[in-house]
Amino acid sequence: MPLLEIQNVTRRFGAFTAVDNVSIGIEAGEFFTLLGPSGCGKTTLLRTIAGFETPDGGSILLNGEDLADRPPERRPTRMVFQSYALFPHMTVEGNVAFPLQMSNVPSSEIPGKVREALEDVRLTGFGKRYPHELSGGQKQRVAIGRALVTHPKVLLLDEPLAALDAKLREEMQLELINLQKEVGITFVYVTHDQTEALALSHRIAVMNKGRVEQLDEPSKIYGFPRTRFVADFIGHCNIFSGPVKDRDGGLVTLEVPGLGPVRVAADAQVASGGAGSVALRPEKIRIQASAPEGTPDNHYRGTVADLLYMGDVTVYKVATPGGMRVEALLANSQSGRAKFFEVGDAVDVSWPVDAGYFIAE
Amino acid sequence: MSSATARKSARLGRWLVSGPPVLYLVVFFAVPTLIMVLASFRTPGEFGGLAPLVEDGKLDLNLESYARFFSEAIYAEIFLKSVWYALATTFFCLALAYPLAALIARSPKRYRDLLLLLVILPFWSNFLIRIYAWMIILGPNAALARTVNGILGGFGHEPVPLLFSSFAVLVCLVYVSLPFMVLPLYANLEKHDQALLDAAQDLGANAWQRFWRITFPLSLPGVFAGSALVFIPALGIFAIPDILGGPEDSLIGNVIKQQFLETRDWPFGSVLSIVLTVAALAIAGFAAWVARRNLGTPSSAREASA
């Protein structure tokens with residue numbers, strides 16, 4: 001049985017349905033992420049778990065117990081807020097001791113527990129400081145230490161790294177992974193940043209318009225997006241759509257306008273005459289000066305219309321004679337060469353039939 | 001333009017902006033205060049006012065008025081009574097204004113301006129007229145006095161006058177001071193971050209604990225600002241005890257007014273004024289010191305009130 005069960009939860013604000021019949025089971029010790037664009041309902045769902053929002057339908061069970069009758073202060077969940085929400089009139093120690101005082105921990109035990117929590121988040125020696133004397137990353141750690149000091153069953157994190165700069169964010173991601181392993185507490189993490197979600201999570205639920213589009217491990221979410229939205233939202237993706245021209249066993253051929261026939265391996269049931277899309281990651285596309293003879297791959301001619309040199313890789317936008325744009329990514333690993341192609345070069349783009357992922361429509 | 005002339009014109013601009021208010025304060029505040037300080041050391045004139053400063057080629061300055069203030073217990077008593085009234089006014093204003101300010105701060109944005117307008121609406125009519133209005137409300141034949149005395153009569157109690165009493169003075173002091181407490185409290189409470197209360201609740205605090213551990217400590221700058229705005233004017237007020245008070249309700253403001261207008265002992269009136277000013281400053285300074293201690297560091301207090 002999952003530790004935290006979200007069963008058919010719906011939350012409406014007037015005519016707007018923020019969370020639409022969502023069911024998720026989260027296991028004990030899991031690092032679970034709700035990923036989606038702003039307004040997709042991920043934060044509302046998190047606040048519903050914490051008890052700040054009352055669901056209009058469905059229920060939330062923790063260890064099999066329905067939490068409906070418990071106000072936020074009596075739930076064994078703790079939340080880390082995006083703005084940190086540190087109490088500005090209390091020291092770091094005061095902030096971390098607060099939840100202990102609220103749950104009537106004997107005052108003789110408090111200093112020890114506070115010290116332990118500050119050790120966990122590597123803030124030993126910062127106890128006497130006030131929040132305004134801390135950096136963004138330190139504030140974040142206080143917020144996490146404060147939430148973990150009472151050893152909650154579930155830690156809810158609402159975009160906790162959004163306010164940090166890129167370098168610090170990466171460091172904090174590693175720290176979060178280690179911390180979660182160390183304390184073994186279930187993390188439910190909300191973010192709109194797909195790389196963050198892929199890096200941190202055991203499983204990800206991609207949300208859109210209040211619904212879960214796909215719930216899977218990061219590698220599956222990235223490699224095998226089940227819907228067009230997921231393919232589009234997670235990383236860069238070429239999406240070629242068109243009518244299904246042919247179906248031969250596990251191979252579907254789409255007639256893509258501006259590109260031509262595209263063959264893709266598919267196990268979905270799709271009838272000839274239906275429509276579908278191929279989702280294809282730029283790094284799966286080969287880009288060469290001329291095509292090798294006699295391969296079973298998809299091959300197209302085009303010219304380099306644009307390129308984006310990004311240091312480790314270069315992104316090429318190849319225009320086909322039909323007007324389609326194909327985005328391909330090439331690692332700049334060959335020494336002494338910054339770029340393989342220039343704008344205007346005639347190139348051949350190709351990919352194996354199993355490089356793309358078929359999405360029936 | 002060279003940088004020297006640019007600096008010069010910037011300095012000129014600063015003076016054009018800050019000059020007039022500085023001049024105003026010097027002429028109408030600093031100079032009169034100095035005149036008053038000087039007057040407190042002079043001798044009263046035979047027919048009121050001041051005796052000549054230089055008599056028979058000798059500068060006539062003395063400490064007689066100060067000596068009188070410290071040797072006659074009655075003035076210290078009146079002073080303490082005034083402090084007591086001002087403290088009571090501050091306390092009742094705080095008790096009434098806090099819930100009101102919190103209510104306005106938490107009401108939907110579109111109603112807030114209207115509610116604030118209602119708070120400052122009394123300022124649209126004259127201060128004295130509003131005090132006289134209380135004479136009618138508290139008068140012996142008004143509904144309030146009849147009801148109160150009717151109830152007291154039911155218990156076999158003698159009728160009590162509401163008007164010309166300490167009660168009337170205190171009620172009116174609270175009434176005129178209330179907006180000065182509501183506005184700074186509202187300005188503070190309105191800026192409180194809801195996320196802090198959510199966080200406190202999430203960390204296990206119930207409504208009572210959320211108020212006393214989070215909201216109230218963070219509102220202390222507003223509490224102290226409002227208390228200063230109420231306490232200091234209440235300490236020196238004379239119109240309300242004059243109009244609504246009984247003979248026992250003469251406060252330090254009344255005595256000062258009396259010294260200047262009736263007794264015409266300007267030096268002694270000046271001494272009383274100076275003592276009043278020093279006392280108000282000392283109490284305000286003490287409150288600021290307490291506020292700083294309670295809020296940890298001054299900058300955390302600023303952060304909370306910002």
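The chains referred to below are lettered A, B, ... by the order of the sequence lines, with proteins before strands, and numbering in each begins at 1.
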May I ask you to test the [X]-[Y] pair for a side-chain heavy-atom distance under 4.5 Å?
X: A/Met90; Y: B/Ile214; value: yes
X: A/Met102; Y: B/Arg213; value: yes
X: A/Phe87; Y: B/Leu203; value: yes

On a heavy-atom basis, which atom in [X] and which in [Y] lie closest, and how many Å separate them?
X: A/Ser83; Y: B/Ala195; value: OG-CB, 3.9 Å
X: B/Ala205; Y: A/Glu73; value: O-CB, 3.6 Å
X: A/Arg78; Y: B/Gly204; value: NH1-N, 4.4 Å

If you count every heavy atom of other residues, nucleotides or ligands that lies below 6.0 Å from [X] atom [atom1], does the total exceed 12?
X: B/Phe91; atom1: CZ; answer: no
X: B/Phe238; atom1: CZ; answer: no
X: B/Lys81; atom1: NZ; answer: yes
X: A/Asp69; atom1: CG; answer: no
X: B/Arg106; atom1: CZ; answer: no
X: A/Arg12; atom1: CZ; answer: no

[X], part contacting chain B, at a heavy-atom distance under 4.5 Å:
X: A/Leu86; answer: backbone
X: A/Ser103; answer: neither
X: A/Gln82; answer: neither

> Pick one: which of A/Arg146, A/Arg75, A/Met79 meets side chain to side chain contact (heavy atoms under 4.5 Å, CB included) with B/Asp202?
Replying inline: A/Met79
> Rounded to the nearest 0.5 Å, what separation is found between the OH atom of A/Tyr84 and the CG atom of B/Asp193?
Replying inline: 13.0 Å
>> Looking only at heavy atoms and a cut-off of under 4.5 Å, which of A/Pro99, A/Gly51, A/Ala50, A/Pro71 has the most pairs with chain B?
In response: A/Pro99
> Relative to chain A, which segment of B/Gln209 carries a heavy atom at a distance below 4.5 Å: side chain, backbone, both, or neither?
Replying inline: side chain
>> Less than 4.0 angstrom from a charged side-chain N to a carboxylate O is my criterion; do B/Asp198 and A/Arg47 meet it?
In response: yes
